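In what follows, chains carry the letters A, B, and so on, assigned in the order in which the sequence lines appear, proteins first and then strands, with residues in each chain numbered from 1. Everything numeric here is computed off the predicted structure, so don't read it as measured data.
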Protein chains: 2
Amino acid sequence: MRKNAKFDRAEVVNNATKLYWEKGFNGTSMRNLQDVIDMRPGSIYATFGSKEGLFKEALNRYADMGIEELLACRKAVDSPLKALKLFMKSAVLDYTNSAPSRMCMLAKTMGELTEDNADLLQEAKRLLAKIEAEFVTLLQEAQELGEVDSNKDVHKLARHIQVQTMGLRTYAKACDDHTILETMVDDVFKHHPF
Amino acid sequence: MRKNAKFDRAEVVNNATKLYWEKGFNGTSMRNLQDVIDMRPGSIYATFGSKEGLFKEALNRYADMGIEELLACRKAVDSPLKALKLFMKSAVLDYTNSAPSRMCMLAKTMGELTEDNADLLQEAKRLLAKIEAEFVTLLQEAQELGEVDSNKDVHKLARHIQVQTMGLRTYAKACDDHTILETMVDDVFKHHPF
DNA sequence: CTTTAACTTGAACAATCGTTCAAGTACAGA
DNA sequence: TCTGTACTTGAACGATTGTTCAAGTTAAAG
């Protein structure tokens with residue numbers, strides 16, 4: 001057997017994700033990528049096939065990070081509803097960390113791409129649905145614990161969380177006022193239809 | 001005095017706005033623009049200065065169209081709150097018309113651009129604030145008519161409308177289910193904090 | 001009709017785009 | 001040590017990018 005490639009694939013995809021997340025698909029050039037992932041064109045194309053192939057992998061990495069974060073929130077607090085709120089606060093307010101953009105990378109991708117990149121668009125939709133399914137799981141748990149009325153539709157609530165998160169993160173890029181944003185997240189869980 | 005340019009500036013900006021709205025700033029090339037506005041590079045640069053200059057004008061045209069639409073909604077119904085709901089339904093659900101994208105062009109711009117185009121980003125923020133101010137005006141009227149409690153903060157409510165609209169329009173691009181979307185808009189005005 | 005200034009045209013520019021591939025390097029197996 | 005293969009390298013490709021500008025066109029003024 002041959003040894004694997006010299007580069008650390010996970011690290012490479014992480015760095016590519018950061019750049020794509022910040023600059024978008026069209027705003028990122030292969031030469032930008034070469035610099036941040038420290039690979040030459042030949043290796044990149046042998047490994048990922050194309051700019052689109054690497055972007056697709058970056059989208060998946062991004063979604064996985066989000067789900068990991070959500071599960072981490074769940075473990076950090078004693079209730080699934082509090083976990084959702086913590087996750088949302090983190091997504092909307094925590095720009096102190098090394099997040100390349102305030103906005104959701106999947107939402108950015110939905111906005112940027114057209115049918116010219118139908119497969120990437122499809123992948124972004126699929127991953128949004130995957131995340132929404134995680135919301136459903138948490139909401140079902142909340143229902144079992146009595147935090148959410150048992151007659152509520154958890155899929156509907158999950159859609160609601162999704163819309164709020166994407167909307168607030170977009171608003172956050174335009175607003176910048178931390179107090180206003182925090183109040184808006186609090187209000188989601190104050191006036192919510194749970 | 002000399003006669004004005006042969007081209008119809010308003011028409012040109014309209015067509016440029018359509019293309020920019022659909023493809024985004026980075027996704028649109030000057031040659032794409034030349035085709036749809038039927039002008040040659042020299043004329044374009046003499047008139048608009050740069051790709052960014054034309055985009056800035058397109059952003060303004062887009063915002064003006066939105067405000068016109070909002071005022072048209074106000075005239076179409078007998079209450080400011082119903083007007084807001086009508087506007088939101090139109091923005092989220094009416095993809096039958098010739099809108100180049102389901103998403104808000106300003107939201108798309110906020111997502112696509114970075115500090116590399118700080119002035120365009122600033123302009124998009126300014127226009128989002130301008131639209132939000134129109135929401136405030138309608139909400140104040142609603143307050144005067146007793147449709148909204150007088151102790152509510154109209155600026156806060158306007159922010160809420162803004163977030164819902166942007167969030168739902170982003171979700172709409174990923175969802176496609178008209179029934180689900182319509183229910184979500186209805187729910188905004190059912191469970192709202194007014 | 002001639003002049004003159006405003007405006008349009010499209011070829012051309014340097015820079016950058018995504019991608020390819022022949023040549024070089026590195027290392028497991030014999 | 002030698003061979004063979006997996007992998008990396010970076011120069012190079014044609015296409016396209018945003019932009020410029022000298023030449024051409026148009027039409028009002030003299």
Side-chain angles (χ1 to χ4, degrees), chain A residues 1-13 15-59 109 112-121 123, chain B residues 1-13 15-59 109 112-121 123:
Chain A
M1 281 283 281
R2 282 282 285 106
K3 203 180 140 187
N4 272 345
K6 287 166 191 168
F7 60 86
D8 178 348
R9 184 172 184 124
E11 177 85 356
V12 160
V13 175
N15 289 333
T17 302
K18 271 188 203 167
L19 191 62
Y20 273 133
W21 185 2
E22 186 199 346
K23 304 241 191 197
F25 181 72
N26 290 321
T28 303
S29 77
M30 290 304 291
R31 280 163 178 87
N32 295 154
L33 281 167
Q34 288 170 38
D35 294 342
V36 304
I37 72 181
D38 192 33
M39 286 174 73
R40 261 40 63 196
S43 296
I44 299 176
Y45 279 82
T47 309
F48 301 103
S50 65
K51 190 188 179 187
E52 303 201 9
L54 179 50
F55 189 75
K56 187 180 279 191
E57 204 143 329
L59 284 179
T109 301
E112 182 183 13
L113 300 185
T114 66
E115 289 304 321
D116 296 349
N117 301 101
D119 53 333
L120 292 181
L121 217 46
E123 188 70 1
Chain B
M1 280 284 280
R2 284 282 286 102
K3 204 179 139 187
N4 271 344
K6 289 165 192 167
F7 61 85
D8 179 348
R9 185 172 182 123
E11 177 85 357
V12 161
V13 175
N15 289 335
T17 303
K18 270 187 204 168
L19 190 63
Y20 272 134
W21 184 1
E22 186 198 347
K23 304 241 193 198
F25 180 73
N26 289 321
T28 304
S29 77
M30 290 305 290
R31 284 169 173 83
N32 294 156
L33 281 167
Q34 288 170 40
D35 294 342
V36 303
I37 70 181
D38 192 32
M39 285 174 72
R40 262 37 66 195
S43 297
I44 299 176
Y45 279 83
T47 310
F48 302 103
S50 67
K51 190 188 179 186
E52 303 202 9
L54 179 50
F55 189 76
K56 188 180 277 189
E57 203 144 328
L59 283 179
T109 302
E112 183 184 12
L113 300 185
T114 65
E115 289 304 319
D116 296 349
N117 300 101
D119 52 334
L120 292 181
L121 218 46
E123 188 70 359

- Task: Look at all strands and tell whether A/Thr28 reaches a base, only sugar-phosphate, or nothing, counting heavy atoms closer than 4.0 Å.
- Result: sugar-phosphate
- Qualifying residue, where the test is side chain to side chain contact (heavy atoms under 4.5 Å, CB included) with B/Ile37 and the options are B/Ile44, B/Val13, B/Asn32: B/Ile44
- Message: Measuring from the side chain of A/Ser43 (C-beta onward, heavy atoms only), which nucleotide among D/dT9, C/dC13, C/dC17 has the closest atom?
- Response: D/dT9
- Note on the structure: Testing D/dG18, C/dT20, C/dC17 for proximity to the side chain of A/Ser29, the answer is C/dC17
- Atom-to-atom span, CG of B/Leu19 to P of D/dG18 - whole angstrom: 11 Å
- D/dG18 P sits how many Å from B/Gln34 CD, rounded? 9 Å
- Query: Within a strict 4.5 Å, meaning less than it, do heavy atoms of the A/Phe48 and A/Arg9 side chains meet?
  - Reply: yes
- Rounded to whole Å, CE of B/Met39 lies from P of C/dT8 at a distance of 6 Å
- Query: Between C/dC7 atom C1' and B/Arg9 atom CZ, what is the distance in whole Å?
  - Reply: 14 Å
- If you check the B/Pro41 side chain, which of C/dA11, C/dT19, D/dT9 turns out closest? C/dA11
- Item | Gap between atoms CG and C1', on A/Asn117 and C/dG18 respectively (whole Å) | 13 Å
- Task: Select from A/Arg31 and A/Gly42 the residue whose nearest nucleotide in DNA chain C is closer to the 5' end of that strand.
- Result: A/Arg31
- Which whole-number value in Å describes the distance from B/Ile37 CD1 to C/dT9 C1'? 14 Å
- Task: Take atom CZ of B/Phe48 and atom P of D/dT20, then tell me their distance rounded to the nearest Å.
- Result: 16 Å
- Give the rounded distance in Å between these two atoms: CG of B/Asp35 and P of D/dG18. 12 Å
- If only atom types and distance count, is the side chain of A/Lys56 paired as donor or acceptor with the main-chain N or O of A/Asp119 below 3.5 Å? no
- Gap between atom CG of B/Leu33 and atom CE of B/Met39 - 0.5 Å precision: 10.5 Å
- Message: Less than 4.0 angstrom between a side-chain N/O of A/Tyr45 and OP1 or OP2 of C/dT19, yes or no?
- Response: yes
- Query: Which listed nucleotide (C/dC17, C/dT19, D/dT19) is nearest to the side chain of A/Met30?
  - Reply: C/dT19
- Minimal heavy-atom distance between B/Pro41 and B/Gln34, with the atoms involved, is CG-NE2, 3.5 Å
